[in-house]
There are 2 protein chains.
Amino acid sequence: MDRKPLARRAGQLKAASSMSENPLNLYFRLFNEIGIIGQLSRSLLEAHLPPRFLLQHFAVLNHLVRVKDGQMPLHLARAFQVPKTSMTHTLAILAKAGLVELRDNPDDGRSKCVWITEAGKAFRRNAIDNLAPDITRLVAKIPAGHIDTLLPLLTELRCILDTDRDEV
Amino acid sequence: MDRKPLARRAGQLKAASSMSENPLNLYFRLFNEIGIIGQLSRSLLEAHLPPRFLLQHFAVLNHLVRVKDGQMPLHLARAFQVPKTSMTHTLAILAKAGLVELRDNPDDGRSKCVWITEAGKAFRRNAIDNLAPDITRLVAKIPAGHIDTLLPLLTELRCILDTDRDEV
DNA sequence: CTTTTTTAGTACGATATCGAACTATATAAT
DNA sequence: ATTATATAGTTCGATATCGTACTAAAAAAG
């Protein structure tokens, strides 16, 4: 990133954070690393999914089990930060594969509820079982505590980005 | 994630890292947060790009300026962890828009070199200038030092994922 | 020097992504 | 009660993504 100074406040921050890099650079590097890790982790998981299934298919099933079954498509789209149209497409694929069941929402004629099926639960479990050795290998390579340090900071960053976006 | 124990070693790790969560859960949460931050940061940047331009278009231009101009498509694909076909498509769009120039590699008849144009540099600069206020707002919200803590840990994780993938 | 193998980039086609616009339903305003 | 506005999900179409297979060129093997 070029060294053109930002607002005066940014100059102040330079001293507070990194002596050698302005915050714009820092954030670009941060988001770049995150983008690449995202793709690497997606490849890691997708290697263990049946052909033609992708990370988002697994992620939806996982969310229904881990967070709450029977959610509305809109809530799922928000949880994963994708447009409604993307979630509509993903759910159509999952329903067609028999991994979820879309039922009308009795409380709201406009909306649907997404329920995971037994086949969906089995799909998710198989993916997790197949991925476990890879994660075990990662665990062996990454020092204990680093993930514990990363997670809360990433969660904070995600919350701030989420909130910041709504403010604009 | 279910609480089914992993290999015996994982049981040992549980005590070492998190007392309440097995490592598979930890990594799933980690990758999930990263995936969402990736999408949020992509939206943040794409809001400041001209219509029909996406993060990867900017990222390639940025890479050519920040890292090295005149790189080969294969190197760019590797740098961004995308398949060759994805990079071919991205570069075709950029070339069509006059933001990069594809020239034959004088040392290797099979390959091309990607050079950023003046229009490409202006495109990148405009995006950065337009993004600066958003980043400044983030800087104000995220405690100093958190990014400094995050970056090296993410870089380490990315390197390990990169190397681990090549080992399989 | 010739042949075989590997590599860089592309073409093709199938599928994913997603903005715009739509319908049906719910909520808010009158 | 009626009308206006907002919302949930979908359809459509344009574009992005990417695996497979291809061509042309380079490197390796013989």
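The figures that follow rest on heavy atoms only: side chains count, while hydrogens, waters and symmetry mates do not. Given the structure is predicted, the values throughout are model-derived calculations rather than measurements. Protein chains get the first letters and strands the later ones, always in sequence-line order, with residue 1 at the start of each.
R42(B) comes within 4.0 angstrom of sugar-phosphate atoms only, judged by non-hydrogen atoms across all strands, and of no base.
Counting heavy atoms from C-beta outward, L49(A) and F123(A) have side chains that approach closer than 4.5 Å. In this structure, D162(A) and Q81(A) have side chains that are in contact, with non-hydrogen atoms separated by less than 4.5 Å. Within the 4.5 Å cutoff, the side chain of V114(A) has heavy atoms near those of the P73(A) side chain.
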Quiz prompt | Contact state string [nucleotides 1-16 of chain C, B base, S sugar-phosphate only, - no protein heavy atom under 4.0 Å] | solution = ------BBBBB----S

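With rounding to whole Å, Q39(B) atom CD is found 10 Å from dT17(C) atom C1'. Distance, R103(A) CZ to dG9(D) P: 15 Å, rounded to whole Å. Atom CG in N105(A) sits about 13 Å away from atom C1' in dT7(D), given to the nearest Å.
A pairwise comparison of heavy atoms in I34(B) and I37(A) identifies CD1-CG2, 3.6 Å as the closest pair.
The list of salt bridge (Lys or Arg N to Asp or Glu O under 4.0 Å) pairs with a residue in residues 76-96 of chain B, not counting sequence neighbours, is empty.
Relative to the axis of its first five pairs, the axis of the last five pairs of the helix from dC1(C)-dG30(D) to dT30(C)-dA1(D) sits at 30°, rounded to 10 degrees.
Taking the six-membered ring wherever Trp is involved, the centroid distance between the rings of F80(B) and H63(B) falls below 6.0 Å.
Residue T90(B) forms a side chain to side chain contact (heavy atoms under 4.5 Å, CB included) with just one option from V100(B), V60(B), L54(B), T85(B), and that option is V60(B).
Mapping G109(A) and S86(A) onto DNA chain C via the closest heavy atom, the residue that lands nearer the 5' end is S86(A). Nearer to the 5' terminus of DNA chain C, by closest-nucleotide assignment, is the contact made by V82(A) (compared with the other of D107(A) and V82(A)).
Donor-acceptor pairing under 3.5 Å is lacking for the side chains of E101(A) and T117(A).
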